[in-house]
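Everything numeric in this text was worked out from a predicted model, so none of it was measured.
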Amino acid sequence: HKDRGLSAVRLRRDVLETLPVYAEYVARERQARNIAVDPDAIWATGERAATATQAAATTKPAAPPKPDKDELSRQDEWQRRFSPWGSILAATLDAEHWLCFGLGERLPVLFGGSACYMTKPPVQTPVRFVEASGLRLSGLLWPEARDRIADTAYATVESVGYGQIVLFAGDPTFRGYFEGPIRLLLNAVLLGPGAGTSTPLPW
């Protein structure tokens, strides 16, 4: 619960007014995994750089309209009615994070329920559901639930004191269906105490 002060991870229903902020961090996270370097933009050379500089100086982005909290709450409550039970969804992994050791870049996970978790730094999100267009792999997933679950977190890691919290959006070992999520749990148990904590040394 957000009032406990234990974790910075938030349920989607608790941060409806700041969803654009979380979407911004998701976009930055994806851009960081697909870096494209433009030498003209870096060294300010060429016609493209001059055009970009001129456009930035003359174009002022319009302020987004302030969301209506009541409307967002009603919409989220309606979307929760379509929450799946036992759908297989696609998640993308941070291959450089220790929690994802031994796994690829994408992972099928079993998902059920209405809890959608939102994250932003300093919370690390090694495993995140993909965008809405590629989210469903199998099972019934209504469009209302698809749009709500897309881009939310499946597995998070955050420091607390000398230790850490590893949070999963579902049971990774449910009936032993999938070896991938089970590997995530094993990594959390076996690698987490050394890779993600700051144990004080006695000397």
Side-chain angles (χ1 to χ4, degrees), residues 1-4 6-19 22-23 25-26 29-30 71-95 97-120 123-158 160 164-192 196:
H1 194 276
K2 61 184 178 64
D3 296 333
R4 297 290 183 182
L6 180 64
S7 172
V9 178
R10 293 289 177 263
L11 284 168
R12 187 180 188 276
R13 70 188 72 169
D14 293 329
V15 293
L16 294 174
E17 291 181 290
T18 57
L19 286 180
Y22 288 92
Y25 283 106
V26 172
E29 183 180 291
R30 289 205 173 115
E71 181 181 349
L72 291 173
S73 296
R74 289 194 304 271
Q75 181 182 6
D76 187 72
E77 183 180 357
W78 173 252
Q79 289 177 325
R80 287 203 307 268
R81 292 173 179 263
F82 298 90
S83 298
W85 291 98
S87 296
I88 302 173
L89 308 180
T92 182
L93 284 70
D94 181 357
H97 197 279
W98 59 264
L99 187 67
C100 303
F101 177 76
L103 298 167
E105 295 182 355
R106 292 175 72 88
L107 186 71
V109 297
L110 192 66
F111 181 81
S114 62
C116 295
Y117 296 102
M118 309 300 294
T119 58
K120 61 182 180 179
V123 178
Q124 303 171 45
T125 311
V127 187
R128 184 183 293 279
F129 289 114
V130 301
E131 61 278 2
S133 60
L135 182 62
R136 177 191 170 276
L137 296 178
S138 181
L140 177 62
L141 184 65
W142 296 104
E144 292 83 356
R146 179 193 63 199
D147 295 337
R148 187 171 179 271
I149 298 169
D151 295 328
T152 60
Y154 176 77
T156 66
V157 177
E158 58 186 313
V160 176
Q164 64 184 339
I165 296 174
V166 180
L167 182 146
F168 293 93
D171 183 358
T173 64
F174 182 76
R175 296 185 180 177
Y177 279 158
F178 298 103
E179 295 181 356
I182 293 175
R183 179 62 181 263
L184 291 173
L185 179 63
L186 289 176
N187 286 345
V189 173
L190 299 177
L191 303 180

Heavy-atom pair of closest approach, residues G180 and L107: CA-CD1, 3.6 Å
Check whether any side-chain heavy atom of C100 sits under 4.5 Å from a side-chain heavy atom of N187, and report yes or no. no
At their closest point, which heavy atom of L99 faces which heavy atom of A155, and how far apart are they? CD2-CB, 4.0 Å
Which heavy-atom pair separates A153 from A169 by the least distance, and what is that distance? O-CB, 3.6 Å
Within the 4.5 Å heavy-atom criterion, are P172 and L184 side-chain neighbours or not? no
Using every non-hydrogen atom in the two residues, find where L93 and V127 come nearest and quote the distance to one decimal. CG-CG2, 4.1 Å
Side chain to side chain donor-acceptor pair (under 3.5 Å): pairs with one or both residues in residues 102-112, sequence neighbours excluded: none
Checking W85 now: which residues fulfil side-chain contact (heavy atoms from CB on, under 4.5 Å) with it, not counting sequence neighbours? none
Is the side chain of Q164 donor-acceptor paired with the backbone N or O of G192 at a distance under 3.5 Å, no angle test? yes
Within a strict 4.5 Å, meaning less than it, do heavy atoms of the P84 and L140 side chains meet? no
Using modelled atom types only, decide if a donor and an acceptor are shared between the side chain of R136 and the backbone of G139 within a distance under 3.5 Å. yes
Taking atom CZ of F101 as the centre, does the number of heavy atoms from other residues, nucleotides or ligands within less than 6.0 Å exceed 12? no
Please enumerate all residues that pass side-chain contact (heavy atoms from CB on, under 4.5 Å) together with V26, with sequence neighbours excluded. R30, R128, D151
R10 and T18: CA distance, side-chain angles, deciding distance, side-chain contact (heavy atoms from CB on, under 4.5 Å) verdict: CA-CA 11 Å; R10 293 289 177 263; T18 57; over 6 Å; no
Just wondering, do P181 and Y154 contact through their side chains at under 4.5 Å, heavy atoms? yes
Write down the atom of A8, the atom of V123, and the distance for their closest heavy-atom approach. CB-CG2, 3.6 Å
Q75 versus L16: any side-chain heavy-atom pair under 4.5 Å? no
If you round to the nearest 0.5 Å, how far is CZ of R13 from CD of Q79? 12.0 Å
Could you go through Y25 and T125, starting from their C-alpha distance and side-chain angles, then the distance that decides it, and tell me whether this counts as side-chain contact (heavy atoms from CB on, under 4.5 Å)? CA-CA 11 Å; Y25 283 106; T125 311; over 6 Å; no
Evaluate whether atom CH2 of W98 has more than 12 neighbouring non-hydrogen atoms of other residues, nucleotides or ligands under 6.0 angstrom away. yes
Evaluate I149 against L141 for side-chain contact (heavy atoms from CB on, under 4.5 Å), listing each step before the verdict. CA-CA 10 Å; I149 298 169; L141 184 65; 4.2 Å; yes
Check the pair R146, L89 against side-chain contact (heavy atoms from CB on, under 4.5 Å), reporting the backbone distance first and the verdict last. CA-CA 10 Å; R146 179 193 63 199; L89 308 180; over 6 Å; no
Please report the closest heavy-atom contact between A90 and G134, naming both atoms and the distance. CB-O, 3.6 Å
Pick one: which of Y177, F129, Y117 meets ring pair (Phe, Tyr, Trp, His ring centres under 6.0 Å) with F111? F129
Any non-hydrogen side-chain atom of I165 less than 4.5 Å from a side-chain atom of V9? no
Between R148 (side chain) and S114 (backbone), is there a donor-acceptor pair under 3.5 Å? yes
Less than 4.5 Å apart, side chain to side chain, heavy atoms only: is that true for V157 and H97? yes
